[in-house]
Amino acid sequence: MPKEALSILDQRTHSTYEIPTHDGTIRAMDLRQMKTGPEDFGLMTYDPAFMNTASCRSSITFIDGDKGILRYRGYPIEQLAEKCTFLEVAYLILFGELPTAPQLKEWVAEITHHTMLHETTKKFLEGFRYDAHPMGMLTSTVAALSTVYPEARHVLDPTVRALEIKRLIGKMPTIAAYTYRHSLGYPYVYPDNDFSYSENFMNMLWKMAEPKYQPNPIMARALDILFILHADHEQNCSANAMRAVGSSQADPFLSTAAACAALSGPLHGGANEEVLKMLDVIGSKDKVPAYMDKVKAGEFKLMGFGHRIYKNYDPRARIIKWAADKVFEVTGRNAKLDIALELERIALEDDYFVKRKLYPNVDFYSGIMYQAMGFKPEIFTVLFAIPRTAGWLAQWQELITDPEQKIARPRQVYIGEGARDVVPMENRVVVAPHPAA
Ligand code: ACO
């Protein structure tokens, strides 16, 4: 018997099995040997939404949701946010170690030289309707990059992978800024290599007729911190989409587009936009208690609250609150902050939220800060996608180089009809639609 194992008695057959455990897990495939007879397929696990299933072994991001701990490659998020730039952190996430000064110089130069979009990609963006949602534009344009760089499909070639990683990290802010300018009807601004990653993004967003844009250093640093906080978050919905699509050896542009699509949903990265809409609906601080009553009655969710993993204050929300205060020193206080603070105050005291361990998540304060910086809510999720690209690519690279991984293909428990014959049209009768239809 292995040192660490479970003894399982199958009551159906009175057989006993020794199932080894590793790192607090059992291998689901070890259950397959448990059969009721030769015709039996073998035991499977049933885990909708992957509530208790590890889909990979990863060394990128560590989260302790009960203690509110987040670390990239072992470094606490608080230290990274205080001491590093986003591109330093992206390097760390992708390559496992913080860069030395020469490594960082080379990395920054390479990313900076991949910020430009092919003119056909710019034209592609011009084709969207004036009111197209920026996340839809971003997702489609990232997918379209696959047509510009067809060699990206050689995903098993490390040199190709390294190049496409730099291209994607370099081009995401450019595409994001173009989607923003497009929605405003402004002309596109080309990247400026004199600037840092976040300064250049601000330049592409907000430069108008002036010969040289002057980014506000406090805002640029705040944006960089926001990018650090959003860079990775282990096996979340979009990282899982990246890995699932990447497991078919689709190219990284298409896999990243899938991850963007997953991020766009209101239960995931789309929540920051929803928070602002919610604060608009509430309108003023005195209306908060009545709104909370409706949340507790199950009419809707409190957006920006709750998390699958964090059952404590999301450490990123704490840092965002701090960064938001810095931004407000420049921009003036966002009036919505009072409503948000009141929501948080009530939620942290109210039994409904306390019992369910619902705390503010990363999206709760980021939107208020983004709005103070001059962004419209529609662009908030795009701001999330820019830095998360580093995390998606690190997850993808880990997947591609992991000998244990194969094409992702979950099992199902079939609950439909048994075999039946097709009835001729004239004999068919109307039946109630299936509940899933
Ligand atoms: N407001 C009110 N009640 C909530 C909320 C909320 N925001 N979140 C969860 N609950 C309740 C659920 O109704 C459920 O109550 P019940 O036990 O009485 O049925 C209980 O808390 C557990 O919630 P689940 O939905 O089972 O938790 P799950 O882990 O599946 O969902 C999620 C996590 C999707 C983040 C959820 O909390 C939510 O929808 N939050 C609002 C959207 C949001 O802010 N998303 C951003 C998450 S961070 C990110 O992705 C970047």
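It should be emphasised that the depicted structure is a prediction, and the values quoted were computed from it without experimental measurement. Just follow the structure's listing: the first ligand is 1, and inside any ligand the first atom is 1.
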Open item on the list: If we count only N and O atoms by modelled type, under 3.5 Å, do the side chains of Asp224 and Thr85 hold a donor and an acceptor together?
Closed with: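 Result is no, nothing qualifies.
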TODO: Answer yes or no: are there more than 12 heavy-atom neighbours, outside Glu299 itself, under 6.0 Å from its atom CD?
DONE: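 More than 12 heavy atoms, drawn from other residues, nucleotides or ligands, come within 6.0 Å of this atom.
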- [ ] Look at Arg27 together with Glu404 and state whether they make a salt bridge at an N to O cut-off of under 4.0 Å.
- [x]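 Salt bridge present between Arg27 and Glu404.
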Open item on the list: Phe128: which residues meet the ring-ring contact (aromatic ring centres under 6.0 Å, His included) condition with it, sequence neighbours left out?
Closed with: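 Phe128 satisfies ring-ring contact (aromatic ring centres under 6.0 Å, His included) with Phe124 only.
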Open item on the list: Can you confirm if the NZ or CZ of Arg356 lies within 45° of the ring axis of Phe353 and under 6.0 Å from the centre of its six-membered ring?
Closed with: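 No, Arg356 does not sit over the ring of Phe353.
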Tabulating one pair per line, provide the atom names and distances (0.1 Å) for every N/O atom of ligand 1 that is less than 3.5 Å from a protein N/O atom.
unit_1: ligand 1; atom_1: 1 (N); unit_2: Leu302; atom_2: N; d: 2.9
unit_1: ligand 1; atom_1: 3 (N); unit_2: Tyr352; atom_2: OH; d: 3.1
unit_1: ligand 1; atom_1: 7 (N); unit_2: Leu302; atom_2: O; d: 2.7
unit_1: ligand 1; atom_1: 7 (N); unit_2: Phe305; atom_2: O; d: 2.9
unit_1: ligand 1; atom_1: 15 (O); unit_2: Arg356; atom_2: NE; d: 3.1
unit_1: ligand 1; atom_1: 18 (O); unit_2: Arg356; atom_2: NE; d: 3.1
unit_1: ligand 1; atom_1: 18 (O); unit_2: Arg356; atom_2: NH2; d: 2.9
unit_1: ligand 1; atom_1: 29 (O); unit_2: Arg308; atom_2: NE; d: 2.7
unit_1: ligand 1; atom_1: 30 (O); unit_2: Arg308; atom_2: NH2; d: 3.0
unit_1: ligand 1; atom_1: 39 (O); unit_2: Lys301; atom_2: NZ; d: 3.0
unit_1: ligand 1; atom_1: 40 (N); unit_2: Phe305; atom_2: O; d: 2.9
unit_1: ligand 1; atom_1: 44 (O); unit_2: Gly304; atom_2: N; d: 2.9
unit_1: ligand 1; atom_1: 44 (O); unit_2: Asn361; atom_2: ND2; d: 2.9
unit_1: ligand 1; atom_1: 45 (N); unit_2: Leu267; atom_2: O; d: 3.0
unit_1: ligand 1; atom_1: 50 (O); unit_2: His268; atom_2: ND1; d: 2.8

- [ ] Decide yes or no for Ile69 and Arg71: does some side-chain heavy atom of the first lie under 4.5 Å from some side-chain heavy atom of the second?
- [x]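 A side-chain contact under 4.5 Å exists here.
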